[in-house]
Amino acid sequence: MPVTPHVPGTIPVTRYQIPADSLQCGMYVAELDRPWFDTPFLLQGFRVDSQIELETLRRFCRYVYVDPVRSDAGLADAIRRAELTDDPFERPSEAGPSEPLRFDTVLDDRSLRQERPARPVRIRSDVKISNQTRERFRRFIKATAVASDAAAARSSLVDRTFGWLRGLLGQDPDSDEVRASLAQARNAIRGQLPPEARLRRYADRASIEDELPRAREAFANASRQLRAMTACVRERRAPDVHEFGRAVDEVVDSMIDNPDALLWVARLDDDERDTSAHGLRVAMYLVALGRHLGLPRRELAHLGTIGMLADVGKALLPQALLEKPGMLTPSEHNVVKEHVRLGLEALHRDMRLAQPVEQGIAQHHERLDGTGYPKGLRGEEIGVFGRMAAIADSFAALIAVRAYANASAPQDALMNLYEWAGTSFDEPLVEQFVQAIGLFPVGSLVELSTGEVAVVLAHNRVRRLEPRVMVLTGADKSATAAPFERDLLARPKDHERGPVRIVRGLADGAYGLRPGEHLAARFACADETAR
């Protein structure tokens, strides 16, 4: 049954309502029988290129709307011919024998849908994402997925600072809304930056492979220094401030040259319960965000220091309380809140903190709506470093396995930040954070349109949804004996099914996979090659 939506001033487009069981690869799915945010698909409207996409559509939908103009020519002709002659359009042969289904067969009794299979890992129950947020997030990702080389080369201050404005999809109906939102973000961030800060545009100076040896040394030294600092706080001893500062500088220098390398190295450390490991990850996310904003090197060092020291006061709390396998009681939560005050007091005894560093540590748990701690600050009372630290700290916590909660997939964690943007977190900074670390961060697990599971190795700065990945499993999710790399930017084909792309992000531990183990093996290969 053809459906012809019409918007005044536009050319009508005919779409055909087709049962999901009758879909074939090569058809362009323009609409579903339910909201897009009720499904795992990131972008609205796509050409079906793989069996896994077919299976997912059939699992979630009873019928879809196909645009013949954007479908393969042969299929488009078959669709139109079937409609004109009232002949049935046969279900694809791989689905097995069945009764023919006609276009006007509308099955919208959702109680008949196939039950969804169990997810590979449990979903966190302590966070929720609204349908409205999912839709806004998809529009934002779609509008910022491609950055043009020409725009990347521009030299104006605005373009250097707000690279995420590059490559907006010109005729997309969501573009005007996104442009308006980003214009507001630009003005808001300008007012938050330190007045003396001169922004610059950073470009990768080294490939991820060339930067890995230095990144590994920087991470190891920073981890040692943060553990030493934590021990000094716990034992009330004076830390080696000089060595700690040198470790921060090494992290910043490596991330300036190529942020992906250090973020990759961090995935090798799987001890999520270690406060030091959490602090180092927060530091790297903060430096990545500051680098993306174009902050000068001094501010990047401040951000790295904030991340590493923000939770150092937890060394003075009972360990059993920090590892409690359940939600804290109000009184227990009040005790944990003291880590901010305890940490600052301990640091003040033996070192002098720069004002931005002290601000970031003091405010990393404050929230724009006043629901944070320790002071319940609101809005403009929270400085830019405190706002940035709140975002990075929350993201690191969401993707980590905790005693009281499961890990979120990075994609879901970013949507959670989006959910809280404007109330708890600064919305322009949340959007910049998504751009800084990527929808699929380095070291995260993703499922491909082939059904394979892969780990992200390196980002593509121009086409943000097409990174370089290492494939870890086959389509049946069983581990492959020899993981191999695949560059999605090169548009690899899966036989005749079309270009391979990412379908969704996965949490660490999905299908029993630990990315760190495979990345460690990748390091060993890199070392052998270097020799």
Side-chain angles (χ1 to χ4, degrees), residues 124-130 132-134 136-137 140 181 184-185 187-189 191-194 275 278-279 281-283 285-286 289-290 293 302-303 306-307 309-314 317 322 327-344 355-400 402 404-405 408 410 412-434 436-437:
R124 292 177 71 117
S125 59
D126 58 326
V127 291
K128 303 292 183 183
I129 305 172
S130 70
Q132 181 183 16
T133 295
R134 290 180 186 276
R136 285 197 313 115
F137 188 76
F140 173 70
S181 173
Q184 293 175 0
N187 294 333
I189 294 176
Q192 295 171 21
L193 294 176
T275 301
H278 172 79
R281 289 190 182 95
V282 174
Y285 293 139
L286 278 172
L289 175 57
L293 288 170
H302 289 337
L303 290 171
I306 291 168
L309 298 181
D311 282 347
V312 74
K314 289 184 177 179
L317 298 180
L322 298 176
M327 299 303 291
L328 300 177
T329 65
S331 60
E332 290 171 336
H333 193 217
N334 286 334
V335 173
V336 172
K337 289 179 181 179
E338 287 295 299
H339 80 272
V340 178
R341 177 184 62 82
L342 293 172
L344 284 172
Q355 190 275 332
V357 172
E358 182 166 352
Q359 178 197 77
I361 295 173
Q363 298 177 357
H364 77 283
H365 283 297
E366 300 287 359
R367 301 294 183 259
L368 296 183
D369 57 4
T371 59
Y373 65 88
K375 295 184 177 181
L377 301 179
R378 290 177 175 271
E380 295 302 319
E381 295 175 330
I382 306 173
V384 63
F385 288 96
R387 298 181 186 209
M388 294 170 71
I391 293 168
D393 179 73
S394 295
F395 176 76
L398 284 168
I399 64 171
R402 295 303 177 100
Y404 56 85
S408 288
D412 291 335
L414 292 172
M415 276 195 284
N416 276 121
L417 295 180
Y418 231 64
E419 176 80 16
W420 300 320
T423 54
S424 294
F425 303 123
D426 185 287
E427 185 166 0
L429 287 176
V430 168
E431 292 178 333
Q432 291 283 359
F433 185 76
V434 174
I437 69 168

CG of L342 to NZ of K337: how many Å apart, nearest 0.5 Å? 14.0 Å
Report the C-alpha distance between I437 and L414 in whole Å, list the side-chain angles of each, state the deciding distance to 0.1 Å, and finish with yes or no for side chain to side chain contact (heavy atoms under 4.5 Å, CB included). CA-CA 10 Å; I437 69 168; L414 292 172; 4.0 Å; yes
In short, A421 meets V430 closest at the heavy-atom pair CB-CG2, 4.1 Å
Under the side-chain contact (heavy atoms from CB on, under 4.5 Å) test, residues paired with A310 that sit two or more places apart: H364
For the NE2 atom of H365 and the OG1 atom of T371, what is their distance to the nearest 0.5 Å? 12.5 Å
Tell me the closest heavy-atom pair linking V282 and G307, and the distance in Å. CG1-CA, 3.8 Å
Residues in salt bridge (charged side-chain N to carboxylate O under 4.0 Å, His left out) with E338, at least two apart? R341
For residues P410 and I399, report the shortest heavy-atom separation together with the two atoms involved. CA-CG2, 3.8 Å
Look at R387 together with E427 and state whether they make a salt bridge at an N to O cut-off of under 4.0 Å. no
Residues that T329 engages under side-chain hydrogen bond (donor to acceptor under 3.5 Å, both in side chains), provided they are two or more places apart: S331, E332
Evaluate the side-chain proximity of F425 to L368: yes if any heavy-atom separation is below 4.5 Å, no if none is. no
Is there side-chain contact between L286 and I306, with heavy atoms separated by less than 4.5 Å? yes
Counting N and O atoms only, with roles assigned by atom type, does the side chain of D311 sit under 3.5 Å from a partner on the main chain of K314, one being a donor and the other an acceptor? no
Please confirm whether the backbone N or O of L293 pairs with a side-chain atom of Q432, one donor and one acceptor, at under 3.5 Å? no
Taking all atoms of both residues into account, what is the closest heavy-atom pair of V335 and L317, and its distance? O-CD2, 3.7 Å
So which heavy atom on A362 is nearest to which on V340, and how close? O-CG1, 3.8 Å
List in chain and number order the residues that pass salt bridge (charged side-chain N to carboxylate O under 4.0 Å, His left out) with R378, two or more places apart in sequence or in another chain; answer none if no residue qualifies. none
Who are the ring-ring contact (aromatic ring centres under 6.0 Å, His included) partners of F395, not counting sequence neighbours? Y285, F433
Suppose the criterion is salt bridge (Lys or Arg N to Asp or Glu O under 4.0 Å): which pairs have a residue in residues 357-376, not counting sequence neighbours? none
For I391 against L417, the heavy-atom pair lying closest together: CG2-CD1, 3.9 Å
Roughly how far, to the nearest 0.5 Å, is CG of L309 from CD1 of I361? 5.0 Å
Students often mix this up, so state it plainly: with edges at 30° and 60°, are the rings of H333 and Y373 parallel, tilted or perpendicular? perpendicular
